[in-house]
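Data first, discussion second: the structure below is written as structure tokens.
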Amino acid sequence: MKGCRPLTLDEVRRASRAFGGYHAVRNHCLFVLGVNAGFRISEMLSLRIRDVVRGRLVVREVAVPRRAMKGKREGRTVYLAPVARQAIWRQIDALHAAGSWHVDTFLFRSRNARNRPIRRETAWRILQEAFGSVGIVGKVGCHALRKTFANMVYEFMLARVASGEPVDPFYEAVKALGHADPKSTTAYLAFRNERVRAAVLHIGEVLHGDHAHG
């Protein structure tokens with residue numbers, strides 16, 4: 001969704017508890033992989049069990065095939081934190097319990113089709129319902145998950161800089177998102193300009209009072 005915003009940390013926590021119903025495990029997994037690993041929605045919906053499991057363990061890194069990449073330039077590798085691996089394992093357990101387990105089974109399998117992933121529109125509706133149920137409003141949809149991830153990576157790297165480490169927050173965000181063109185990352189972080197403008201307005205009001213509104 002063009003112009004969508006990232007979720008705040010409080011909203012992430014609220015949304016994480018908002019998934020219920022028959023597909024609660026699947027839908028929660030979709031949310032977790034979006035905000036904790038930065039997958040595009042197309043990448044997540046392309047995942048099969050064989051992509052995320054080796055032996056009896058969920059992999060630490062997922063190789064996203066080129067066919068699922070935006071622009072189909074080349075594949076990329078996505079690191080999975082423990083919380084993401086746990087969400088995947090719960091989803092695999094749910095698929096197994098439903099009799100749908102096979103290495104070729106889509107991780108986000110639709111209930112209404114033979115081994116087909118849910119549609120992008122379905123994912124959007126799932127997220128909208130979850131967000132709405134906990135009072136999260138505004139331009140938030142599938143892309144908000146990846147923007148949330150981008151913002152968290154950037155904030156983490158800024159904190160590393162503040163602690164004295166020689167890192168480039170923007171470059172690290174580009175790598176984490178798998179962007180071929182850094183301009184794409186700039187667009188992801190454009191919402192931060194609003195914070196800068198708000199800070200400038202605040203400083204003007206503090207320093208100059210009523211004259212700052214001229």
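V25 and L80 end up in different hydrophobic clusters when Ile, Leu, Val, Met, Phe, Trp and Tyr side chains are linked at under 4.5 Å. Both V103 and V64 are assigned to one and the same hydrophobic cluster, defined by single-linkage of ILVMFWY side chains at heavy-atom distances under 4.5 Å. A continuous path of Ile, Leu, Val, Met, Phe, Trp and Tyr side chains, each step under 4.5 Å between heavy atoms, connects W89 with V59, placing both in one hydrophobic cluster.
The side-chain heavy atoms of V62 and F39, taken from C-beta on, include a pair separated by under 4.5 Å. Taking the side chain as every heavy atom from C-beta outward, Y22 and R111 approach each other to under 4.5 Å. Between L127 and V140, every side-chain heavy-atom pair lies at or beyond the 4.5 Å cut-off.
We find the NE2-OG distance between H28 and S16 to be 3.0 Å, quoted to the nearest 0.5 Å. Atom-to-atom distance recorded for W101:CH2 and I92:CD1 is 8.0 Å, nearest 0.5 angstrom. Here the CG-CZ distance, from L9 to R14, works out to 11.0 Å after rounding to the nearest 0.5 Å. With values rounded to the nearest 0.5 angstrom, E43 atom CD is found 11.5 Å from D51 atom CG. Put simply, NZ on K147 and NZ on K139 are 9.5 Å apart, with the number rounded to the nearest 0.5 Å. Interatomic distance, CG of L30 versus CG of L107, reported as 9.0 Å (0.5 Å rounding).
N115 places a side-chain N or O within donor-acceptor distance of the main-chain N or O of F106, the cut-off being under 3.5 Å. N151 contributes no side-chain N or O that, together with a main-chain N or O of T148, makes up a donor-acceptor pair within less than 3.5 Å. The backbone N or O of H102 sits less than 3.5 Å from a side-chain atom of T105, completing a donor-acceptor pair. The backbone N or O of S110 sits nowhere less than 3.5 Å from a side-chain atom of R116 that would complete a donor-acceptor pair.
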Fill in: Residue pair E172, R160: steps toward the salt bridge (Lys or Arg N to Asp or Glu O under 4.0 Å) verdict
CA-CA 11 Å; E172 296 299 333; R160 299 282 287 271; over 6 Å; no

Practice prompt. Could you give me the CA-CA distance, side-chain angles and deciding distance for R125 and E121, then say whether salt bridge (Lys or Arg N to Asp or Glu O under 4.0 Å) is met?
Written response: CA-CA 6 Å; R125 177 180 52 77; E121 295 81 5; over 6 Å; no

Discussion item. For V134 and R17: C-alpha separation, side-chain torsions, deciding distance, then whether side chain to side chain contact (heavy atoms under 4.5 Å, CB included) applies.
Written reply: CA-CA 9 Å; V134 292; R17 299 189 293 268; over 6 Å; no

Worksheet entry | Test log, rule side chain to side chain contact (heavy atoms under 4.5 Å, CB included), inputs I118 and L45 | CA-CA 7 Å; I118 61 175; L45 299 185; 3.6 Å; yes

Worksheet entry | Residues L7, I136; criterion side chain to side chain contact (heavy atoms under 4.5 Å, CB included); working and verdict | CA-CA 9 Å; L7 303 177; I136 299 173; 4.0 Å; yes

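The existence of a salt bridge linking R5 and E11 is confirmed by a sub-4.0 Å separation between a basic side-chain nitrogen and an acidic carboxylate oxygen.
Here the closest heavy-atom approach between residue A18 and residue A130 is recorded as CB-O, 3.5 Å. The minimum heavy-atom distance between F108 and L33, with the atom names listed, is CZ-CD1, 3.9 Å. Residues I41 and R120 approach most closely at CG2-NH1, 2.8 Å, considering heavy atoms. For the residue pair V167 and V161, the shortest heavy atom distance occurs at O-CG2, 3.3 Å. The minimum heavy-atom distance linking L158 with P169 is given by the pair CD2-CG, 3.8 Å. Counting all heavy atoms, side chain and backbone alike, R26 lies closest to R109 at NH1-O, 3.2 Å.
Within 6.0 Å of CZ on R54 lie more than 12 heavy atoms contributed by other residues, nucleotides or ligands.
Between F19 and F31, the ring-plane angle classifies as tilted under the 30° and 60° cut-offs.
Cation-pi geometry between R60 and Y79 is not met: the NZ or CZ atom fails to fall both under 6.0 Å from the ring centre and inside 45° of the normal.
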